[in-house]
Every structure is written in C-alpha cells, then in structure tokens.
Amino acid sequence: MRVLLVEDEVLLARTVRRGLVAEGFSVDLAHDGDEGFFLAREHRYDVLVVDLMLPGRNGYEVCRDLRAAGVWTPVLVLTAKDGEYDQVDAFDLGADDYLTKPFSFPVLVARLRALQRRGAPERPVVLRAGDLELDPGSRRVVRAGTPVELTAREFALLEFLMRHPDEVVAKAQILESVWDPHVQNDPNVVEVYVRYLRRKIDVPFARHAIQTVRGAGYRLAADGG
Ligand code: CA
C-alpha cells in the first residue's frame with residue numbers, strides 16, 4: 001500500500017514512516033501542505049495521511065483543493081489533542097477518517113488498512129434544485145443549461161444551501177460552515193454573499209431560489225425558485 005504522509009513535525013513523520021515501512025507500506029513524506037497537495041495530485045496513493053496544522057496549505061485546504069482537483073484518494077486527517085478543529089469540519093472538507101494526536105501506532109495501521117479496503121470515495125452526486133445544478137466534483141454550476149461562474153466562496157455558500165433544500169438556515173450556521181471558523185467574521189458578510197449569488201443564479205433567470213426568511217435566515221427553494 002502506498003501512503004503519502006503530510007506532517008511538518010519531522011521527527012514524528014520519520015518515526016511514523018519507519019513504523020509503516022516495517023508493516024510493509026511504501027511511504028512518501030511531505031513536510032508542508034503545498035508539497036503534500038502537489039505530490040497527492042501528481043502521484044497515485046492508496047491513502048493520504050494529512051496533519052491539520054501545516055505550513056503552507058493547512059490540512060483542510062489540502063483536502064478541499066485535492067477534491068476540487070478531482071483527486072478522491074481517501075484521506076485520514078491527524079488533529080491535535082486540544083483540537084480547535086473537530087472531526088465534523090474534517091469530514092465536511094472531504095476527509096474520510098481522522099485520528100487525534102497522540103495516536104497509537106496499531107490504531108493508525110488498522111485505520112489505514114480499513115481506508116484502503118474501502119477505496120476511493122464515490123465522486124459526489126450532482127446537487128439539483130429545479131434547473132439549478134451544482135457539481136461538487138467538477139465544481140461547476142449550471143442554471144437552465146447555462147454555466148454560471150462563481151467564486152470559491154460563492155460556490156461554497158451555494159453548495160451549503162443546496163445541501164439543505166427547503167430548510168431555514170441561520171446566518172450564524174452559514175457563517176460557521178462556509179467561512180473559516182477561526183476568523184471572527186461579521187454576520188453581514190453572509191448577506192453580502194447572498195446578494196452576489198442571487199445576482200448570478202437568480203436575477204438573470206428571473207428566479208428566486210434563495211429566499212430570505214425574516215429574522216431567521218435563508219432558505220433555498222428545492223424546486224429552484
Ligand atoms: Ca503540524
């Protein structure tokens with residue numbers, strides 16, 4: 001089994017590699033997120049082990065950017081014990097499993113074998129709301145057969161709304177899921193981005209997919225508005 005380990009703590013990385021090699025794994029190392037991303041994109045690995053806190057791209061960004069680039073290799077994320085991040089975030093960003101540091105080596109080996117057996121995750125299904133389509137795999141959005149160009153943030157916001165069709169989602173909930181949970185953001189930023197999105201997916205098509213629910217938040221009409 002070929003594994004890429006992306007870990008900036010060099011000693012830990014080497015120790016883990018030595019152990020995995022002894023178990024019959026073939027292991028490449030990357031010591032920052034950018035190198036990890038490029039290696040994972042260019043080579044075929046069975047499993048990626050990615051630390052969350054990394055120089056360059058962090059573990060989340062590595063996962064997200066790989067998925068956006070169409071790389072679906074299973075990812076096991078390593079999180080620090082005090083974890084500001086939690087597993088839910090990791091899963092949201094396309095990780096398949098996680099381990100909290102310090103971890104036991106046999107547990108790591110067992111998890112890697114399980115991930116290999118499971119194989120690459122399915123390419124996510126295209127989300128649909130009426131004639132509005134969003135493909136998380138290719139990162140394309142189409143309205144009534146017309147491709148719509150969105151920025152990364154607009155795309156993330158629309159994806160979040162489309163994963164909760166006909167549900168009222170609060171601004172705070174959106175902020176937490178679509179923006180960096182580490183940065184204190186003004187909730188008004190959500191309003192601003194909803195406006196941008198409407199100008200791209202609703203207004204030109206005379207639709208109202210994104211509805212404002214006064215005092216509560218927003219709702220994406222399951223029929224596309
Ligand atoms: Ca680290």
Side-chain angles (χ1 to χ4, degrees), residues 1-121 124 136 139 152-153 156 159-160 175-185:
M1 181 186 345
R2 192 166 180 210
V3 174
L4 173 66
L5 173 60
V6 189
E7 168 60 79
D8 59 316
E9 288 166 53
V10 177
L11 277 182
L12 174 64
R14 285 188 189 148
T15 308
V16 171
R17 172 162 69 178
R18 206 175 310 126
L20 290 177
V21 167
E23 293 283 333
F25 293 74
S26 147
V27 183
D28 288 347
L29 290 184
H31 295 305
D32 66 62
D34 293 339
E35 190 192 3
F37 169 76
F38 289 117
L39 284 174
R41 201 184 51 178
E42 299 310 318
H43 304 280
R44 261 208 78 78
Y45 293 99
D46 295 299
V47 181
L48 311 174
V49 181
V50 181
D51 183 34
L52 263 193
M53 301 306 238
L54 290 167
R57 259 170 258 238
N58 66 32
Y60 283 111
E61 291 162 340
V62 172
C63 280
R64 183 197 64 198
D65 293 351
L66 284 173
R67 295 328 187 205
V71 176
W72 296 98
T73 313
V75 175
L76 183 146
V77 157
L78 300 176
T79 63
K81 199 178 176 187
D82 59 356
E84 286 177 58
Y85 296 95
D86 64 26
Q87 78 205 66
V88 179
D89 295 328
F91 288 135
D92 272 353
L93 280 144
D96 302 281
D97 200 358
Y98 77 101
L99 260 187
T100 305
K101 289 179 184 175
F103 51 84
S104 111
F105 188 74
V107 170
L108 173 65
V109 170
R111 298 286 190 87
L112 291 180
R113 296 219 159 105
L115 280 176
Q116 185 198 24
R117 275 197 300 275
R118 224 198 291 167
R139 306 196 69 78
R153 187 77 69 190
E159 182 176 0
F160 180 79
L175 201 59
E176 217 181 273
S177 306
V178 178
W179 273 265
D180 185 341
H182 291 97
V183 180
Q184 225 15 60
N185 280 303

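Numbering of ligands and ligand atoms starts at 1, following listing order.
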- Qualifying residues under ring pair (Phe, Tyr, Trp, His ring centres under 6.0 Å), relative to Tyr45, sequence neighbours excluded: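 For Tyr45 there are no ring pair (Phe, Tyr, Trp, His ring centres under 6.0 Å) partners, ignoring immediate neighbours.
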- Message: Keeping to distances under 3.0 Å, can you name the protein N/O/S atoms close to the Ca ion (ligand 1)?
- Response: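 The answer, once waters are left aside, is Asp8 OD1, Asp51 OD2, Met53 O.
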- What's the shortest heavy-atom distance between Gly59 and Leu54, and which atoms? N-CD1, 4.0 Å
- Message: Testing Val3, Val21, Val27, Leu108 one by one against Val16 for a side chain to side chain contact (heavy atoms under 4.5 Å, CB included), which residue passes?
- Response: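 Checked Val3, Val21, Val27, Leu108 against Val16; only one passes side chain to side chain contact (heavy atoms under 4.5 Å, CB included): Leu108.
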- Message: Let's go through Leu112 and Leu20 carefully: what are the C-alpha distance in whole Å and the side-chain angles of both, what is the deciding distance for side-chain contact (heavy atoms from CB on, under 4.5 Å) to 0.1 Å, and is it a yes or a no?
- Response: CA-CA 10 Å; Leu112 291 180; Leu20 290 177; 3.8 Å; yes
- Item | Salt bridge present between Asp34 and Arg57 (N-O < 4.0 angstrom) |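 Yes.
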- Residue pair Asp96, Arg67: steps toward the salt bridge (charged side-chain N to carboxylate O under 4.0 Å, His left out) verdict: CA-CA 12 Å; Asp96 302 281; Arg67 295 328 187 205; 3.0 Å; yes
